[in-house]
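The block underneath contains the structure these notes are about, expressed in structure tokens.
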Amino acid sequence: MTRTDPHPTILLADDNPALLEDYAALLSFEGYVVIQASDGAQAWQQMQQPQLDLIICDILMPHLDGFSLRQRALLEPRLAEIPFVFLSAMNSETIRSQARDLGVAVYLSKPCSSERLLAEVRRLLNSKAR
């Protein structure tokens, strides 16, 4: 499929409305197309978009958690290729290990600085482009 939009598309899923809006505004300001989801079920529905370049997801969300979303994504070849980022307040080594086992590209702790989030987004999208 040929891209018609030169700007990368990012799915941002978080059940905290303030964080969702803040991070979406930051990414949009940087020129990314941002699709928002406020729970896991919405995120799964939005993951069916044909032109996703990156998924940034909280772990604890209603209806479907971040781990379940990642597991579902791994079952679909197109989605399995999309870099997946966890952005979560859960910071135990057990949780981080589970994320690594699922091939999560980056695990960011909340609150995450704008600079760190943007640096990781740029790095992942540049790696994907190569």
Side-chain angles (χ1 to χ4, degrees):
M1 175 180 290
T2 302
R3 294 286 309 235
T4 56
D5 187 344
H7 303 287
T9 301
I10 299 171
L11 170 60
L12 181 62
D14 199 306
D15 63 330
N16 180 321
L19 283 177
L20 185 64
E21 286 300 318
D22 287 349
Y23 288 134
L26 171 71
L27 294 166
S28 294
F29 182 77
E30 292 295 315
Y32 299 111
V33 176
V34 180
I35 300 170
Q36 298 179 44
S38 60
D39 64 45
Q42 281 183 357
W44 178 247
Q45 185 178 29
Q46 296 292 5
M47 286 169 73
Q48 307 314 306
Q49 298 282 335
Q51 295 184 345
L52 282 182
D53 296 294
L54 182 67
I55 298 167
I56 302 173
C57 180
D58 189 10
I59 292 177
L60 291 179
M61 294 185 293
H63 308 300
L64 201 59
D65 66 31
F67 285 114
S68 298
L69 282 171
R70 178 61 180 162
Q71 288 168 331
R72 284 186 177 191
L74 289 172
L75 297 175
E76 295 192 25
R78 179 186 66 82
L79 294 176
E81 295 177 0
I82 299 171
F84 207 99
V85 174
F86 275 154
L87 179 60
S88 178
M90 297 177 64
N91 291 312
S92 75
E93 186 51 42
T94 302
I95 296 293
R96 288 176 175 274
S97 178
Q98 289 175 319
R100 280 190 301 273
D101 290 346
L102 288 173
V104 171
V106 175
Y107 193 107
L108 298 172
S109 297
K110 287 181 186 175
C112 179
S113 72
S114 300
E115 295 81 13
R116 174 81 195 279
L117 178 63
L118 289 174
E120 292 295 346
V121 166
R122 287 182 193 117
R123 183 181 66 77
L124 289 169
L125 291 173
N126 286 339
S127 293
K128 186 179 182 222
R130 281 186 238 133

Practice item. Start with the C-alpha distance between D15 and S38, add both sets of side-chain angles, then the distance that settles side-chain contact (heavy atoms from CB on, under 4.5 Å), and finish with yes or no. Key: CA-CA 5 Å; D15 63 330; S38 60; 5.7 Å; no
Practice item. Quick one: do N16 and D58 satisfy side-chain contact (heavy atoms from CB on, under 4.5 Å)? Show the steps, please. Key: CA-CA 9 Å; N16 180 321; D58 189 10; over 6 Å; no
Review point. Between Q48 (side chain) and W44 (backbone), is there a donor-acceptor pair under 3.5 Å?
Key: yes
Practice item. Examine distances only and state if a side-chain atom of N126 and a backbone atom of R122 form a donor-acceptor pair shorter than 3.5 Å. Key: yes
Practice item. Step by step, work out the side-chain contact (heavy atoms from CB on, under 4.5 Å) result for I59 and Y107. Key: CA-CA 10 Å; I59 292 177; Y107 193 107; 3.5 Å; yes
Check your understanding: Going through the checks in order, is the side-chain contact (heavy atoms from CB on, under 4.5 Å) test met by R70 and Q98?
Key -> CA-CA 11 Å; R70 178 61 180 162; Q98 289 175 319; over 6 Å; no
Exercise for review: Examine distances only and state if a side-chain atom of D101 and a backbone atom of A99 form a donor-acceptor pair shorter than 3.5 Å.
Suggested key: no
Practice item. Taking the side chain as every heavy atom from C-beta outward, state whether L54 and P8 have any pair of such atoms under 4.5 Å apart. Key: no
Check your understanding: So, S109 and R96: side-chain donor and acceptor under 3.5 Å apart, yes or no?
Key -> yes
Exercise for review: Kindly say whether A24 contributes a backbone atom to a donor-acceptor pair with the side chain of S28 at under 3.5 angstrom?
Suggested key: yes
Exercise for review: Decide yes or no for V33 and L27: does some side-chain heavy atom of the first lie under 4.5 Å from some side-chain heavy atom of the second?
Suggested key: no
Point to revise | Salt-bridge contact E120-R123 (side-chain N to carboxylate O under 4.0 Å) | key: yes
Check your understanding: Cluster question for you: counting only ILVMFWY and a side-chain heavy-atom cut-off of under 4.5 Å, with indirect links fine, are F29 and L117 together?
Key -> no
**Study point:** Point-to-point distance, once rounded to the nearest 0.5 Å, from CG of D39 to NE2 of H63
**Key:** 4.5 Å
Review point. Hey, which of L12, V121, I10, L124 is the one that makes side chain to side chain contact (heavy atoms under 4.5 Å, CB included) with V85?
Key: L124
Point to revise | Q45 atom CD: more than 12 heavy-atom contacts under 6.0 Å | key: no
Exercise for review: Verify the cluster assignment for L11 and L74: are they in a single hydrophobic cluster under the rule of side-chain heavy atoms below 4.5 Å apart?
Suggested key: yes
Point to revise | Any donor-acceptor pair under 3.5 Å from H7 side chain to G31 backbone | key: yes
